[in-house]
Amino acid sequence: MQTLTVDLGDRSYPIHIGPGLLDRADLVVPHLAQKRVMVVTNTTVAPLYLARLTATLEAAGIAVANVVLPDGEAYKNWETLNLIFDALLAGRAERKTTLIALGGGVIGDMTGFAAACYQRGVPFVQIPTTLLSQVDSSVGGKTGINHPLGKNMIGAFYQPRVVLADTGTLKTLPPRELSAGLAEVIKYGLIWDADFLAWLDANMAKLRALDPAAIAHAVYRSCEIKAQVVAADEREGGLRAILNLGHTFGHAIETGMGYGTWLHGEAVAAGMVLAAATSQRLGWLSEADVARTRTIVRAAGLPDAAPTLPFDTWFEYMGHDKKVEGGKLRFVLLKKLGEAVITGDVPEAILREVLPR
Ligand code: NAD
Ligand code: GLY
């Protein structure tokens, strides 16, 4: 097991990474405010891992309740969120009862938001079970739900007490979901670390085959970069926005195509290629850099081309973006491979060239 820390003063917390962590009550119990938890999971993950986690915690003297939600991005909404509150109230959960998110990013984002709201804030723990949630969504405290007009537009910054990334759970993940997680891993190389990008070029086949050492390194380095960025800018006053490379385009794809049609990671992958193409037209990347971005995205089993949407639809959905300032779109682009830049100065003519319509 490897451990690193998200450094946020008195709200700092550890991220533990490795196989078999679902059996480690000792990593969770010290972070509980009372010997009572509510596990939030979904209909896919519950049959795989809920009994095991429950047994681990009960053996340590913890009372474990649970709520099992329907599975899918299309359920990341108010109605499903309310099922968590229904279960908390029906079970008379208290202010010190800890919520545990057991699942991918959808479960993590909704559980964190429920924890931020229930009785104005109860403790929560992240146990991410997809690659995407282990390298990104479980770390950094962004929680929330979707609105029909915009992705993740309703939510809160609310940090977990501990993150347990049990890499053994990735064995049951469908290959398409593994690839979706690799999109966010590639993102860290593109925005922050050219050496890591080169390592990913060389190790993509191992990652797709779930080679334990390769997966451990990819999860650790991704969390390390994310923890560094979040510690510097928790509430996205500036720097943290770089973690959204490809997301302005990607969120428009997800919303425009209907939640769940394109996976979040797939939309981000196609969005990163669009960001690279835009950066090239601004004179920052070479054609070879754009080709390399496409190649690594394809090697990860991800789409390197966005779907066709009417130009107005692109603009409508890109306009519902949390980076919009004074009504003006802002984009995360690349100055070079391994270095991101945030800019509001992208001429519409360039967007008309790169966006498929
Ligand atoms: P997801 O939560 O929908 O999980 C993908 C699928 O895998 C689901 O069907 C899920 O039930 C299933 N699954 C989960 N673990 C499994 C396992 N071990 N074995 C088999 N199946 C398993 O999707 P995701 O890719 O994990 O997360 C995407 C979500 O995360 C999006 O809503 C996105 O907006 C959000 N996100 C949030 C942040 C953040 O900082 N909060 C960052 C990135 C993405
Ligand atoms: N996934 C973007 C962020 O956490 O800021």
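What you see is a predicted model, and the numbers here were worked out from it, not measured in a lab. Along the sequence shown, residues are numbered consecutively beginning with 1.
The six-membered or imidazole ring of Tyr75 lies away from that of Tyr259, with a centre-to-centre distance of 6.0 Å or more. Centroid-to-centroid, the aromatic rings of His217 and Trp199 come within less than 6.0 Å.
Side-chain N or O atoms of Thr172 include one that pairs as donor or acceptor with a backbone N or O of Thr169 at under 3.5 Å. Gln159 places a side-chain N or O within 3.5 Å of a backbone atom of Gly140 that can act as its donor or acceptor partner. Looking only at distances, a side-chain donor or acceptor of Arg208 sits under 3.5 Å from a matching main-chain atom of Ala299. Judged by distance alone, the side chain of Thr261 and the main-chain N or O of Gly258 form a donor-acceptor pair under 3.5 Å. For Thr248 (side chain) and Met318 (main-chain N/O), no donor-acceptor pair under 3.5 Å exists by modelled atom type. Looking at Thr5, its side chain never comes within 3.5 Å of a backbone N or O of Asp7 through a donor-acceptor pair. Put simply, the side chain of Glu266 never gets that close to the backbone of Ala180: no donor and acceptor are under 3.5 Å apart. In terms of modelled atom types and a separation under 3.5 Å, the side chain of Thr143 and the main chain of Gly155 share no donor-acceptor contact. Checked by atom type and distance alone, the side chain of Asn77 pairs as donor or acceptor with a backbone atom of Ala74 at under 3.5 Å. Looking only at distances, no side-chain donor or acceptor of Asn203 sits under 3.5 Å from a matching main-chain atom of Lys206.
Figure legend: Arg161 and Tyr13 shown without cation-pi pairing, the cationic atom not lying both under 6.0 angstrom from the six-membered ring centre and within 45 degrees of its axis.
Using a 3.5 Å distance cut-off with no hydrogens or angles, the side chains of Thr97 and Gln34 do pair a donor with an acceptor.
Note on Ile84: it does not cluster hydrophobically with Ile100, by side-chain heavy-atom contacts below 4.5 Å among ILVMFWY residues.
Looking only at side-chain heavy atoms (C-beta outward), Met1 and Ile17 stay at 4.5 Å or farther from each other. By the 4.5 Å heavy-atom criterion applied to side chains, Pro347 and Leu282 are counted as neighbours.
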TODO: Step by step, work out the ring pair (Phe, Tyr, Trp, His ring centres under 6.0 Å) result for His320 and His251.
DONE: CA-CA 9 Å; His320 293 290; His251 286 169; over 10 Å; no
